[in-house]
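Below you'll find the structure, written out as structure tokens, and then a few comments.
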Amino acid sequence: MNPIKRLSTIAMICLLPMLIYYPYEAIGWQLELSFLDWGKWTRNDNWVYPYAEIALSTRIVFFLVWFIPTLFGFAAYSTGFSMLWLLHGGVVFDPRIATRLRWMGLLITASAGLSLVAGAVSPMIRSWHNPDGPLPLRFWYDSGNIGMVFCGLGFFFLGLVMREAIRMARENEEFV
């Protein structure tokens, strides 16, 4: 078994639980806060007036604002797994790998960037029904998400470089 096949197998084994755990963990707290525990929204929260009546539409908006980055994150994990599957099958310098790298990078960047946006609008959404009005938009800084944006961009650029290298190699083969 060559090293690429062995490493891709190990990486798939490590990634497989994340394909289950990531959506379970992310969607779990979103569902609990939005729909499953109706009192949790106002209980022990500095953003929300304790006796506010939270409309279902507000809960749906909040859930969707956080669900979209989760969806992009799951798509990034799935794309990464499909790339590892190709590597495991012996596909290495192939446009499909370059395409998956680019897509994985874009999906990681979108997921992390949208998580920053979701964090910025969350206090405003959760406080829509406060007697004093909603809280303003705030900048939510998370170095983990900002780092993931840059990692995603790195994967994207690596995919672009790989695509160009494959194109140049094929062009050179045609001359010989």
Side-chain angles (χ1 to χ4, degrees), residues 8-86 99-159:
S8 64
T9 302
I10 292 168
M12 282 192 296
I13 290 169
C14 294
L15 190 57
L16 195 56
M18 285 305 294
L19 286 169
I20 298 164
Y21 178 74
Y22 176 75
Y24 172 78
E25 182 66 28
I27 296 171
W29 76 264
Q30 297 163 14
L31 281 172
E32 183 180 358
L33 184 59
S34 299
F35 307 113
L36 300 179
D37 184 357
W38 284 73
K40 190 169 187 158
W41 194 283
T42 57
R43 197 170 45 242
N44 300 325
D45 194 296
N46 295 329
W47 296 341
V48 183
Y49 179 70
Y51 304 108
E53 292 292 324
I54 311 301
L56 178 62
S57 59
T58 303
R59 293 174 184 274
I60 291 170
V61 167
F62 180 82
F63 178 80
L64 289 175
V65 161
W66 280 102
F67 180 73
I68 292 170
T70 302
L71 194 61
F72 278 104
F74 182 75
Y77 276 120
S78 299
T79 304
F81 192 86
S82 71
M83 183 179 63
L84 290 170
W85 186 262
L86 285 174
T99 300
R100 281 172 176 77
L101 267 173
R102 287 193 327 266
W103 272 107
M104 189 174 71
L106 288 175
L107 291 166
I108 290 170
T109 300
S111 177
L114 288 171
S115 290
L116 289 169
V117 171
V121 300
S122 283
M124 184 175 56
I125 294 169
R126 291 187 62 193
S127 64
W128 272 347
H129 302 285
N130 285 356
D132 299 338
L135 295 172
L137 191 66
R138 71 178 179 112
F139 179 69
W140 181 64
Y141 172 77
D142 180 15
S143 60
N145 280 341
I146 292 173
M148 289 304 293
V149 167
F150 288 115
C151 286
L153 289 174
F155 280 120
F156 175 73
F157 288 127
L158 186 60

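- Annotation: side chain of Leu107 is not in contact with side chain of Met104 (no heavy-atom distance under 4.5 Å).
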Start with the C-alpha distance between Ile27 and Phe67, add both sets of side-chain angles, then the distance that settles side chain to side chain contact (heavy atoms under 4.5 Å, CB included), and finish with yes or no.
CA-CA 7 Å; Ile27 296 171; Phe67 180 73; 3.5 Å; yes

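- Nearest heavy atom pair, residue Gly119 against residue Pro123, reads O-CD, 3.4 Å.
- Looking only at side-chain heavy atoms (C-beta outward), Tyr22 and Thr70 come within less than 4.5 Å of each other.
- Aromatic ring orientation, Tyr24 versus Tyr21: tilted (interplanar angle from 30° to 60°).
- Within the model, atoms CH2 of Trp41 and OG of Ser34 stand 5.5 Å from one another, a figure rounded to the nearest 0.5 Å.
- Of all the heavy atoms in Pro23 and Phe74, the pair that sits closest is CG-CD1, 3.8 Å.
- Under the 3.5 Å distance criterion, the side-chain polar atoms of Asn130 are left unmatched by any main-chain donor or acceptor of Asp132.
- Shortest non-hydrogen contact noted between Glu32 and Lys40 is OE2-NZ, 3.2 Å.
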For a side chain to side chain contact (heavy atoms under 4.5 Å, CB included) check, start with the C-alpha distance between Phe35 and Ile60, then their side-chain angles and the critical distance, and finish with the verdict.
CA-CA 8 Å; Phe35 307 113; Ile60 291 170; 3.9 Å; yes

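- Scanning for ring-ring contact (aromatic ring centres under 6.0 Å, His included) contacts around Trp128 gives an empty result, with sequence neighbours left out.
- At least one donor-acceptor pair under 3.5 Å links the side chain of Thr109 to the backbone N or O of Leu153.
- Using a 4.5 Å heavy-atom cutoff, the side chains of Thr42 and Tyr49 are not in contact.
- Of all the heavy atoms in Leu84 and Ala11, the pair that sits closest is CD1-CB, 3.6 Å.
- Closest of all the heavy-atom pairs between Trp66 and Ser122 is NE1-OG, 2.7 Å.
- A distance of 15.5 Å separates SG of Cys151 from CZ of Phe156, quoted to the nearest 0.5 Å.
- Here the straight-line distance linking atom CG of Leu19 with atom CG of Leu15 works out to 5.0 Å at 0.5 Å rounding.
- Evaluation of the side-chain contact (heavy atoms from CB on, under 4.5 Å) rule for Leu114 yields Ile68, Pro69, Phe72 as partners, not counting sequence neighbours.
- Of the possible donor and acceptor atoms, one in the side chain of Trp29 sits under 3.5 Å from a partner among the backbone N and O of Ala26.
- Remark: the backbone N or O of Trp103 is not paired with any side-chain donor or acceptor of Thr79 at under 3.5 angstrom.
- The CE atom of Met12 sits 11.0 Å away from the OG atom of Ser82 when rounded to the nearest 0.5 Å.
- Residue Arg126 comes nearest to Ile54 through the heavy atom pair O-CD1, 4.5 Å, listed as atom of the first residue, atom of the second, then distance.
- For the atom pair CG (Leu135) and CH2 (Trp47), the distance works out to 8.5 Å, reported to the nearest 0.5 Å.
- The CE atom of Met148 sits 7.5 Å away from the OG atom of Ser111 when rounded to the nearest 0.5 Å.
- Scored by the side-chain contact (heavy atoms from CB on, under 4.5 Å) test, Trp38 finds Leu56, Arg59 as partners (sequence neighbours excluded).
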